[in-house]
2 protein chains.
Amino acid sequence: MGKAAHTTRRRILDAAEKLFAEKGFHGVSVREIARAADVDVALVNYHCGRKNDLFETVFLRRAEVLNRERLAMLNACRERAAPDPPELEDIIDAFTHPLLTRSARGGAGWRRYFALVAQVNNSPELAPIGMTRYFDPLVQQFIAAIREALPDARDEDIYWSYHFLSGALTLTFAQTGRIDKLSGGVCRSSDLASVHERLVPYTAAGFRRLCKPDKD
Amino acid sequence: MGKAAHTTRRRILDAAEKLFAEKGFHGVSVREIARAADVDVALVNYHCGRKNDLFETVFLRRAEVLNRERLAMLNACRERAAPDPPELEDIIDAFTHPLLTRSARGGAGWRRYFALVAQVNNSPELAPIGMTRYFDPLVQQFIAAIREALPDARDEDIYWSYHFLSGALTLTFAQTGRIDKLSGGVCRSSDLASVHERLVPYTAAGFRRLCKPDKD
DNA sequence: CTTGATTTTCATCAAACGTTGAAATAAGTT
DNA sequence: AACTTATTTCAACGTTTGATGAAAATCAAG
């Protein structure tokens, strides 16, 4: 594969990422992607296969680098705490920080990608294909770590807590700007630091409340 | 409008609701909806206008009865507590219970509808049209109530907390069944009572942790 | 420069898309 | 019953869809 081909392919993937994130899988045509990439229609098929393959490629491209870092952070906080179990806040941070920091400082490509993930995650049609395949294995590792951090917790509570965390995180990516309007400008979702410093304690408190039934 | 027409219209709306929820707005064709409703294609336009109108009608149909009840529950818990401010858990309950109970016991139509709402909520293209128009006014009332329940909290924290709650709730509707597999059968998302008894304390704890910085 | 592989262009395919007008039927009213 | 309105059927419109085969252009290597 020559150099020209490589950049063409990347232009197609970038355009596809942008449009898929904005309008969903079915909301975009291959021709529209080709036009946005300033490329002939046939080149999309030549470089990226059919529309389904193109979508999966777009989805996988950043998932790999993302989950590699998340796993590295999880292991790091594990080793840092050893032989004690890792701290809950650190686990949640390892889960969310690589995403939020890229959403804030990774450029428009990353921001669009997260919007795409949010859409896939909330789509009955796409979630079973994309999310379970590329993210669930990682999730299981995080669940295991949380189990260590909260040894008295019941599995059912842990899974549900994770589920709520996943929802809160996901919506943050999907709705860039909507909370800003709702709050009349008080919240700025572009300021991901302010999101992060709230999401972690919020969800950690939820985990603890659910998993340690101090009172009930 | 005669009786036959009324049932035809309802068959179309039901079919549209089901298919939109499964595959999204662009993932379904008008012809497909007509086929599922066992109705001629032209009848879709005759009874429900163009595809955009059909979608909005489907979206609005249940939103009205839903938000009416949510608002009633909010006012009820307000009056119950008066002159004291309402309890945070009661406010969250008023926000979530009408949804969760219908998802559990309202039948397949309601379950599909919530999946549709989840999709719309996480779509950059559809959220500004559907959610802000039909749900945001209600949300502002809940925000106001929470402000009373947590008088020391900063607005920014309240809005973000609401945002996380919205995400957790939304994903629950979108992913019926996925947490079940992820947890290896430990969680049963069909058992909405078990969701509800976790979601309320989880998010309430998050709210409190964020809005009352006891330690930091 | 020649040769062979890679990449791009161009034209086209059958199928499905949203929408509609006009004719046919059913329902409602006097 | 006659007449009007509401509903349903049927056929078709112009576009757009995803996909591809064959030719043209570009590139890599000897």
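Numbers restart at 1 for each chain; the letters A, B, ... are given by sequence-line order, proteins then strands.
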Nearest-Å distance for atom pair NE2/P, residues His6(A) and dA28(D): 14 Å

Short side-chain to backbone donor-acceptor contact, Tyr113(A) and Phe59(A), under 3.5 Å: yes

Leu54(A) CG to dA19(D) C1', straight-line distance once rounded to whole Å: 13 Å

Cation-pi check, Arg198(A) onto Phe164(B) ring (under 6.0 Å, within 45° of axis): no

Between P of dT7(D) and CZ of Arg11(B), the distance in whole Å: 14 Å

Euclidean distance, atom CG of residue Asp40(A) to atom C1' of dT20(D) [Å, nearest integer]: 12 Å

Gap between atoms CG and P, on Asp53(A) and dT20(D) respectively (whole Å): 10 Å

dT7(D) OP1/OP2 closer than 4.0 Å to side-chain N/O of Thr8(B): no

Arg102(A) charged N/C atom sitting above Phe114(A) aromatic ring, 6.0 Å / 45°: no

Arg70(B) side chain vs Phe95(B) backbone, donor-acceptor pair below 3.5 Å: yes

Minimal non-hydrogen separation, Arg9(B) against Cys48(B), with atom names: CG-SG, 4.1 Å

Sugar-phosphate only, base, or nothing, as touched by Val41(B) at under 4.0 Å among non-hydrogen atoms: base

Rounded interatomic separation in angstrom, taking CG from Asn45(A) and P from dT12(C): 19 Å

Atom pair distance, as rounded to whole Å: CG in Leu43(A) and C1' in dA24(D): 13 Å

Heavy-atom pair with the smallest gap, counting every atom of Ala174(A) and Ala118(A): CB-CB, 3.4 Å

His47(B) side-chain N/O to dT8(D) phosphate OP1/OP2 under 4.0 Å: yes

Atom of Ala149(A), atom of Ile91(A) and distance for their closest heavy-atom approach: CB-CD1, 3.8 Å

Distance, rounded to the nearest Å, where Tyr46(A) contributes OH and dA24(D) contributes P: 18 Å

Arg50(A) side chain, from C-beta outward: closest of dT20(D), dT7(C), dT9(D): dT20(D)

Every protein N/O within reach of nucleotides 14-17 of chain D N/O, cut-off under 3.5 Å:
from, atom 1, to, atom 2, distance (Å)
dT17(D), OP1, Ser29(A), OG, 3.1

